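Note that the structure is predicted; figures quoted are calculated from it, not measured.
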There are 2 protein chains.
Amino acid sequence: MSTIKEVAKRAGVSVGTVSKVINNIEVKPKTKQAVELAIKELNYQPNVYARGLKVSRTNTVALILPTVWHPFFGELAYNIEKNLRQHEYKMILCNSEGDYLTELSYLTMAKQNQVDGIIAITYSDIEHYVSSNIPLISIDRFFNDEVPYVSSDNFLGGQLAAKHLDEAGCQSLCFIGAGSKKENTTRNRKKGFIDYCEKYQKTYEIFDLIGSQSEFHEKMEQFLLEKIIKEHSIDGIFAVTDAYALEVINFLEKHQISIPDDVQIIGFDGVKSSKHDQIEISTIRQPIEEIAKESVAAIIHLINKETIEKEILLPVHFIQGNTTKRQKDS
Amino acid sequence: MSTIKEVAKRAGVSVGTVSKVINNIEVKPKTKQAVELAIKELNYQPNVYARGLKVSRTNTVALILPTVWHPFFGELAYNIEKNLRQHEYKMILCNSEGDYLTELSYLTMAKQNQVDGIIAITYSDIEHYVSSNIPLISIDRFFNDEVPYVSSDNFLGGQLAAKHLDEAGCQSLCFIGAGSKKENTTRNRKKGFIDYCEKYQKTYEIFDLIGSQSEFHEKMEQFLLEKIIKEHSIDGIFAVTDAYALEVINFLEKHQISIPDDVQIIGFDGVKSSKHDQIEISTIRQPIEEIAKESVAAIIHLINKETIEKEILLPVHFIQGNTTKRQKDS
DNA sequence: TTGTACGCGTTATCAT
DNA sequence: ATGATAACGCGTACAA
């Protein structure tokens with residue numbers, strides 16, 4: 001690999017001049033030509049480490065998430081990388097697997113100057129570690145007033161879900177979710193749901209269990225058995241994620257409950273496992289492209305030391321699937 | 001961020017000594033202690049760019065693939081990153097979207113010294129570009145004798161599929177695939193299938209169309225209609241990927257063909273869209289963890305200028321799903 | 001065993 | 001407009 005010195009020698013100019021040409025600083029057209037020729041001839045590529053050392057900028061951003069092997073995170077990672085690329089940034093992918101120590105090691109790496117900024121989606125309590133001065137954007141999680149975050153408007157999503165169930169003719173609604181110990185913004189889905197029900201005087205139930213995955217499953221089936229199979233006292237369900245919606249659907253189908261005739265269901269997320277997939281269940285879709293776009297825009301602003309909003313809330317939309325009745329007017 | 005100089009001053013030694021401590025070169029225990037204390041106190045992190053400039057090693061590998069937003073690539077990317085991390089390497093993720101120019105731009109980046117090596121899964125003809133001297137491992141695609149590649153043993157997979165259909169009682173088999181213009185190793189799936197059939201004198205048909213996606217779909221349905229619905233002359237299908245298997249399944253179900261009673265189906269890939277998914281169709285599973293592991297091992301060997309095998313073929317396995325009949329003895 | 005000094009390739013400042 | 005050169009932080013050969 002040739003260096004700037006060699007280019008300078010070949011073009012018959014000094015290194016300073018070559019540097020100017022590379023960085024688009026004005027030089028005499030003729031010298032510029034000569035330099036560019038030399039660059040081409042030598043197939044010269046600036047060494048990013050030398051440059052990085054000088055300007056301490058790497059044009060690299062780290063993306064920390066639990067695992068890219070997941071439809072939602074996969075789509076998100078794809079879009080974030082795409083946006084970063086458009087801004088001429090590279091992306092280092094970090095699968096934390098939800099592990100605290102792994103996340104910390106990535107943060108350390110970041111501090112070592114390897115990246116200009118971090119976009120993180122984490123549910124660990126890394127709060128006091130993020131206090132450092134490296135640009136950081138959180139997705140889906142509020143840390144503190146120092147860390148800007150980007151998220152779907154989960155509250156609105158909850159309202160929307162309730163509204164659609166209501167308008168689709170459901171009489172008594174139900175929210176199903178697994179309350180996480182970790183504080184994240186998905187809690188607002190429940191709040192939005194309740195808000196709508198209260199405002200429009202809909203009867204509703206809440207099933208929100210904090211506990212292990214298996215325990216949850218069992219308790220949920222018990223609950224559904226009671227309320228739906230026996231009492232028939234619920235005809236509209238809002239599940240806090242599509243995954244839970246799927247569980248509910250499987251259970252109900254096993255018990256010969258017809259969807260959406262007897263019970264209607266709305267999930268949340270609207271992820272597809274690849275670009276060409278189709279969504280089948282009715283759901284509130286998170287605007288993943290938007291989340292990616294806004295996160296990238298935000299981190300770049302931060303890197304450039306520009307001020308940005310501390311909270312970026314993105315609108316969600318209802319997607320008609322086959323688990324709710326179709327309406328003429330909406 | 002503090003520098004090596006500051007550490008040296010605080011520890012009362014020279015920078016050379018600090019450097020030695022960092023790089024585990026022997027120093028007097030006492031000085032070592034003093035230096036380590038200073039490092040801790042100042043929260044010193046070596047600047048990777050200065051180091052990179054010096055040793056031209058970045059401990060970073062680029063992964064180029066079509067898109068991480070896809071179950072197979074997602075799982076692969078996850079595992080590759082995981083393995084790289086274990087070797088203290090970072091991974092830059094590059095979604096090429098199958099675009100030639102994008103792939104080239106990533107290769108250029110790599111040549112700029114930003115990464116120590118590249119793992120690529122690409123179907124473009126970047127052959128003459130890869131001739132450069134940067135370490136490169138190809139997955140699933142043979143370029144030339146210079147570029148080592150890692151792949152599933154697709155030939156074996158084809159054989160396995162035919163064998164399982166045979167042993168499950170199928171009388172006349174069928175291969176379904178879309179021949180790509182691009183040369184890749186998946187062609188060997190067909191060859192393996194044929195090999196088994198010829199060897200054991202099974203009757204078989206081949207549907208292998210080169211053409212557009214939509215055209216393929218139409219022609220395939222026509223073919224299935226003819227052979228299965230009308231003639232009943234096929235009772236075992238090996239689809240070249242799970243995606244195609246799914247298409248076949250959907251079509252047959254629409255026409256009231258019972259699976260696996262009337263027709264048995266085996267796919268290929270065995271991907272799950274996330275760690276906790278379940279596989280439902282019978283399939284030949286690619287050993288994704290192994291592919292990841294071997295690719296990483298190979299690229300690191302290459303970076304260390306050690307010689308490696310030019311071809312690494314990994315065994316595949318049959319996974320019992322609900323689209324083939326269960327057998328007692330296998 | 002430890003310290004000194006040079007060089008890696010680039011950018012930026014200051015002369016020219 | 002261009003050239004010379006210091007500085008970025010580190011590793012290492014060589015000197016002490």
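Heavy atoms of B/K28 sit under 4.0 angstrom from primed sugar atoms or phosphate atoms, though from no base atom. Using a 4.0 Å heavy-atom cutoff across all strands shown, A/T3 reaches sugar-phosphate atoms only and no base atom. When heavy atoms are screened at a 4.0 angstrom cut-off, A/V15 is found touching base atoms of the nucleic acid.
When the nearest nucleotides of DNA chain D are assigned to A/G12 and B/I22 by heavy-atom distance, the more 5′-ward of the two goes with A/G12. The nearest heavy atom of DNA chain D to B/T17 and to B/L53 marks one nucleotide each, and the one closer to the 5' end goes with B/L53. Along DNA chain C, the nucleotide nearest A/G16 and the nucleotide nearest B/P29 are compared for position; the residue whose nucleotide lies closer to the 5' end is B/P29.
Look at CG on A/N47: it is 8 Å from C1' on C/dT10, rounded to the nearest Å. Spacing between atom CD of B/E6 and atom P of D/dC10 amounts to 9 Å, rounded to whole angstrom units. Following rounding to the nearest Å, A/N24 (CG) and C/dA12 (P) show an atom-to-atom distance of 13 Å. Rounded to whole angstrom, the span from the OH atom of A/Y49 across to the C1' atom of D/dG11 amounts to 17 Å. Put simply, CD1 on A/I4 is 18 Å from P on C/dG7, counting in whole angstrom units. One interatomic measurement links the two molecules: NZ of A/K9 to C1' of D/dG3, which rounds to 16 Å at whole-angstrom precision. Going from atom CD of B/E26 over to atom C1' of D/dT12 covers 17 Å, rounded to whole Å. Summarising the geometry, the separation between CD on B/Q45 and C1' on D/dG9 is reported as 14 Å, rounded to the nearest angstrom.
Dashed line: the shortest gap from a side-chain N or O of A/S56 to OP1 or OP2 of D/dC8 is not under 4.0 Å. Contact check, B/T31 against C/dT2: a side-chain N or O comes under 4.0 Å of OP1 or OP2. Between B/Y44 and D/dC10, a side-chain N or O to OP1/OP2 separation shorter than 4.0 Å is present. Checking the phosphate oxygens (OP1, OP2) of D/dG9, no side-chain nitrogen or oxygen of B/R51 falls inside 4.0 Å.
Here the nucleotide nearest the side chain of A/A50, chosen from D/dA4, D/dC10, C/dG9, is C/dG9. The listed nucleotides are D/dA4, C/dC8, C/dG3; the one nearest the side chain of A/S14 is D/dA4. The listed nucleotides are C/dC8, C/dT11, D/dG3; the one nearest the side chain of A/K54 is C/dT11.
Residue B/K20 forms a side chain to side chain contact (heavy atoms under 4.5 Å, CB included) with just one option from B/V35, B/V27, B/V15, and that option is B/V27. Between A/I64 and the options A/L107, A/I121, A/L136, a side chain to side chain contact (heavy atoms under 4.5 Å, CB included) holds for only A/L107.
B/R51 is listed as a side-chain neighbour of B/I22, based on a closest heavy-atom distance under 4.5 Å. Contact check for B/V68 versus A/E81: no side-chain heavy atoms found under the 4.5 Å cut-off.
Residue-environment remark: CD (A/E309) stays at or below the threshold of 12 foreign heavy atoms within 6.0 Å.
One N or O on the side chain of B/N144 and one on the backbone of B/V147 form a donor-acceptor pair closer than 3.5 Å.
Over its length, the helix from C/dT1-D/dA16 to C/dT16-D/dA1 turns its helix axis by 40°, as judged from the five terminal pairs at each end, rounded to 10°.
Separating the CD atom in A/Q286 from the CG atom in A/D140 is a distance of 6.0 Å, to the nearest 0.5 Å. The NZ atom of B/K293 sits 13.5 Å away from atom CG of B/L84, with the distance rounded to the nearest 0.5 Å.
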